[in-house]
Amino acid sequence: MQLNRDDLKEAYRRMCLIREFEDKVHDEFAAGNIPGFVHLYAGEEASAVGVCMHLEDRDAIASTHRGHGHCIAKGCDAEGMMSEIYGKKDGLCGGKGGSMHIADLSKGMLGANGIVGGGSPLICGAALTAKTLKTGGVAIAFLGDGASNQGTTLESYNLAKVWNLPAIFVVEDNGYAESTASAWSVAGTQTKRAEGFGMPGAEVDGHDFFAVWEVAREAIERARNGEGPSLIHVKLNRYYGHFEGDAITYKGEGEIDKIKATKDCLNLFKQRVIETSLLESDDLSEIETSVKSYIDQCAATATNGSTPTEADLMTDVYLKY
Amino acid sequence: MSVKSYRQAFNEAIRQEMERDERVIVMGEDISGGMGAPGEDDAWGGVLGVTKGLMPQFGRERVLDTPISESAFIGCAAGAAATGLRPVAELMFVDFMGVCFDQIFNQAAKFRYMFGGKAVTPLVIRTMYGAGFRAASQHSQCLYPLFTHIPGLKVALPSNAYEAKGLMTQAIRDDDPVVIFEHKAMYDEEMEVPDEAYGIPFGEANVTREGDDVTLVAFGRMVNLANEAADSLSASGITCTVVDPRTTSPLDTETILETVSETGRLVVIDEAHPRCNMATDISALVSQEIFSDLKAPVKMVTSPHCPVPFSPALEDLYIPSTAKIEAAVREVLGKGH
Amino acid sequence: MSGNIEPILMPKWGLAMEEGMLVEWQVEEGDTIEKGQEIADIETTKITNAFESPMSGQLRRFVTMDGETVPVGFLLAVCAEDDVDDAEIDGYVRDFKDNFVLDEAAAGAAEPETVEILPGQSIRYMTMGSGGAEPILFVHGFGGGFDNWMLNQEALSENLQTYAVDLPGHGGSTKQVGDGDLASMTDMLHSFMTVMKIERAHLVGHSMGGGIALDLAYRYPSQVASLSLIAPVGFGSDINMEYIDGFITQTRARKLRAVIELLVDDPTGISPDMIEEIIKYKRLDGVGPALERLRDSIMPNGQQARLLNDRLDDLVVPAQVFWGQNDKIIPASHAEGLPERIRVNLYDNTGHMPHMERANEVNALISAIANG
């Protein structure tokens, strides 16, 4: 399986969309236009897109509190997402979920998740559904280095292996669980943990879309072939704080700037496709321009959208009660 | 129609729903038993034998033994429910909720609301509860008030074998997450149960006795104690209405308020600990809605505010008894009774 | 020496009856009683009804007193001639109590059976008794079941074989009702007769079952020995849809009770257990749609769809009709203007269920027609 020109343009479009989306949310949050709190994915785009480029609607993913990128990569409507983050009635979840609970089951997106480690067991369930109903689908849990230490995650590794589920655990290790360094909090290594559970594990540079894409391809193929679960340890960086408003005093001086200058995943992608003449520079700038105006439109829609009313408060608790 | 035990009633309900709908699967620890072991297949059929025979009939693809990993498999059941299966997961003893509650109350219960009505989560969690088994503090609690507290969950408490089959069937057919509580001391209790499939609608209380003097509202196994107390009191001319709400969520407030209005007196019997339990909930409901109809203060018969003790001598003191119910009835009736 | 001491035992009315309460004796110790005389009121969990003496003789001793609850088959009283002295009766009673064991078989606990009439479609039925040239076949009404004949079937099974069926859509029978009209129900009842090798029967039908019985008599005249129709459909267009719709839709005991009370003139005999049993039946898979289909076919638009009384002159078999003057489901006026050869039995202070409300009188008349 190879990435053709259209695939590459689509991958770049999704990564740009995530970056623009997050930058916009950053600005709007700072301006006081977004309630609650948000966790931004900027800097990590190659991971979500590198994995999700392989997926279809029959495949499921579960995400984290830092979920916007996974949602966009899996095909959720960015305008609906933006409205959701603004708490508007036309939001993807009617304004009831917000940033940490964006979901679209019709796209196989089982939700961002406010509980660290909450998604891995759910993904075992989605994988079990795929296996039982023989849909050929796979299920992927995105989790952070923090969640990798949760019992739910380790139990899920075991269950997925014991039941030979088409499940993949993508550990997005951005170096920090909130403010705590993964270098300190994670005993052993992620890939050795995978090995301990008897499943293939691979470490990959999360700034490199192509590397992520290739590792994900192998894991997803195994899962689709009935060869059980895999783990992918993606090493990457986030550009913003744990949440918006985090002063990021725990990071080293210049740490983020250095990454942005040398390992930005969008830049790396751009260099690669232009150097290898896979895409023209014009192709890319066209995508950038259209994404930018689309995100502006998303923000405008969200700003102008109507808010839910009291009539919405008690709906959707149950199907029937 | 034939005589079936409480245990058989659950088994038959699950079996018939599995026959009717191939999306129904069951999972849990030792749900079949002996998985991977050299001895017999289907060695246990659940720790108290409720699911015995399902694996031989439906195979391991639909009857899944799990490792001892409640967080993983309860969450897995939630995820499977949200993606198209209808899992019946067994949380062996409700006391074990402590290790997997997040997957129930933060995940399954909230999907529908958080996702703006787009999620359907037909998850059933079967779990054993209740004292009387000499199983001590970590295997004897009720805890259904905790689940009742959570919006998005439905909670059913079958009080006999007929109720068990009907409520279990309904739980599996329901599209919302349901936690169904099986009282472990009742598994061998038998009665006539139809052979055909049937569901009992949630939120419709069963009035098991009709009387004039006092209304008894009781939950799960306590319904039987309330019935016994009512029958015994009728010999001394005191007649009681007994209400089995069947489900604590949804709750049939209409029947409770109507029957309490008629008698003007209420005794609530709840095996759960006394603080923030169903007894306090019903008492609050009644005093808020029909205070002026009350002829006497509401009385609650519950277990005490202590963990379930082990020693039979202590556990017998712990569990509400018919004697305590009768005494409470006489107390709300006042002098001369 | 107790050869001429005769026991009167707690009867078994219906499958579920395990015990009964003797509400009140209607006779005194020492009275001479006649077979068929109402001697006591007995209450079961389902119903309260007058108990007819199974024998004639002198009632010497009450063993079960007013208000006492005893198992089916237990001694209620003993009859004996004057020459039996009190000590002998004491001994008889003592022996009875010492030897009494709860034995369902001894209490006459017949069990219903099922038979397949079409692939995958079975009919549940209760059969009792034996003998007689032609058996009696009881056909219940909308929402009923074989147990509706609890006060009739056993009483009429003394020298005849009797069958009481659960119609399709009811009780333990298939919940498939075909088109749901009288003709398709008749077809299925006829299939039952064929499979059971019942060549000819005395049909006793109530309400909807009365219409089915009559339809069967028109279509298969050689297979019907007599017709006893109790408040049957087909004799006019009126039908109380408040009852029909309420029966289908009400799921709660109290609300359903108000509906069920429409059936009888005196609702005090309806017990909570009877209501509970109806609710349990209605919960069975397939019952709701079956009842709706029967309603929509047999009584669409709030009226009976099919009149059967225009061909009554064609009937060749003995026929009789029973109706309660206070029937609130199908009015007794439907019994007016019938051909003279059809005997019409009207009862005061009686509702839609004469076979329960006036069981003894109805039984006597059915027995008369069935035993020639």
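Note on naming: letters A, B, ... go to the chains in the order of the sequence lines (proteins, then strands), and numbering restarts at 1 for each one.
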>> Tell me which of these, B/Ser71, B/Gly36, B/Pro67, has more heavy-atom pairs under 4.5 Å with chain A than the rest.
In response: B/Ser71
>> Closer than 3.5 angstrom, by distance alone: can the side chain of B/Thr259 be matched with the main-chain N or O of B/Ile256 as a donor-acceptor pair?
In response: yes
>> Can you tell me which portion of A/Leu92 sits under 4.5 Å from chain B's heavy atoms? Options are side chain, backbone, both or neither.
In response: both
> Would you say B/Glu61 has more than 12 foreign heavy atoms packed within less than 6.0 Å of its CD?
Replying inline: no
>> So for B/Lys154, is it side chain, backbone, both, or neither that comes closer than 4.5 Å to the heavy atoms of chain A?
In response: both
>> Working note: A/Arg224 + A/Asp59, criterion salt bridge (charged side-chain N to carboxylate O under 4.0 Å, His left out); need CA distance, chi angles, decisive distance, verdict.
In response: CA-CA 10 Å; A/Arg224 289 205 204 282; A/Asp59 302 314; 2.7 Å; yes
> Should the pair B/Arg246-B/Glu204 be classified as a salt bridge under the 4.0 Å nitrogen-to-oxygen rule?
Replying inline: no
> Non-hydrogen atoms of chain B under 4.5 Å away: do they reach the side chain of A/Thr315, the backbone, both or neither?
Replying inline: backbone
> Are more than 12 heavy atoms from other residues, nucleotides or ligands located less than 6.0 Å from atom CD of A/Glu227?
Replying inline: yes
>> If you count every heavy atom of other residues, nucleotides or ligands that lies below 6.0 Å from B/Ile68 atom CD1, does the total exceed 12?
In response: no
> Which atom pair, heavy atoms only, marks the closest approach of A/Ser156 to A/Phe169?
Replying inline: O-CZ, 3.7 Å
>> Just so I understand: if I count every heavy-atom pair under 4.5 Å between each of B/Val99, B/Thr121, B/Asn106 and chain A, which residue has the most?
In response: B/Asn106
>> Tell me whether A/Asp316 is salt-bridged to A/Lys96, with the criterion being a basic N under 4.0 Å from an acidic carboxylate O.
In response: yes
>> Tell me which of these, A/Asp312, A/Val162, A/Thr132, has more heavy-atom pairs under 4.5 Å with chain B than the rest.
In response: A/Thr132
>> Counting heavy-atom pairs closer than 4.5 Å to chain A, which one of B/Arg62, B/Glu70, B/Met27 comes out on top?
In response: B/Met27
> Hey, what's the ring geometry for A/His68 with A/Phe21, parallel, tilted or perpendicular (30° and 60° as the breaks)?
Replying inline: perpendicular
> Checking heavy atoms, do the side chain of B/Leu123, its backbone, both or neither come under 4.5 Å from chain A?
Replying inline: neither
>> Please rank A/Ala126, A/Gly94, A/Ala139 by heavy-atom pairs under 4.5 Å with chain B and give me the top one.
In response: A/Ala126
> So what's closer than 4.5 Å to chain B heavy atoms on A/Leu110: side chain, backbone, both or neither?
Replying inline: both
> Going by an N to O cut-off under 4.0 Å, is there a salt bridge joining B/Asp21 and B/Arg23?
Replying inline: yes
>> Shorter than 4.5 Å, heavy atoms on both sides: which option in B/Asp102, B/Leu153, B/Leu85, B/Thr247 has the most such pairs with chain A?
In response: B/Leu85
> Between B/Gly203, B/Ala78, B/Pro151, which has the largest tally of heavy atom pairs under 4.5 Å with chain A?
Replying inline: B/Pro151
> Do you know which of B/Ile25, B/Leu64, B/Asp65 has the most heavy-atom pairs with chain A at a distance under 4.5 angstrom?
Replying inline: B/Leu64
> Contact part of B/Phe111 toward chain A, heavy-atom cut-off under 4.5 Å: side chain, backbone, both or neither?
Replying inline: side chain
> Relative to chain A, which segment of B/Phe202 carries a heavy atom at a distance below 4.5 Å: side chain, backbone, both, or neither?
Replying inline: neither
> chain B heavy atoms under 4.5 Å from A/Asp104: which part of the residue, side chain, backbone, both or neither?
Replying inline: neither
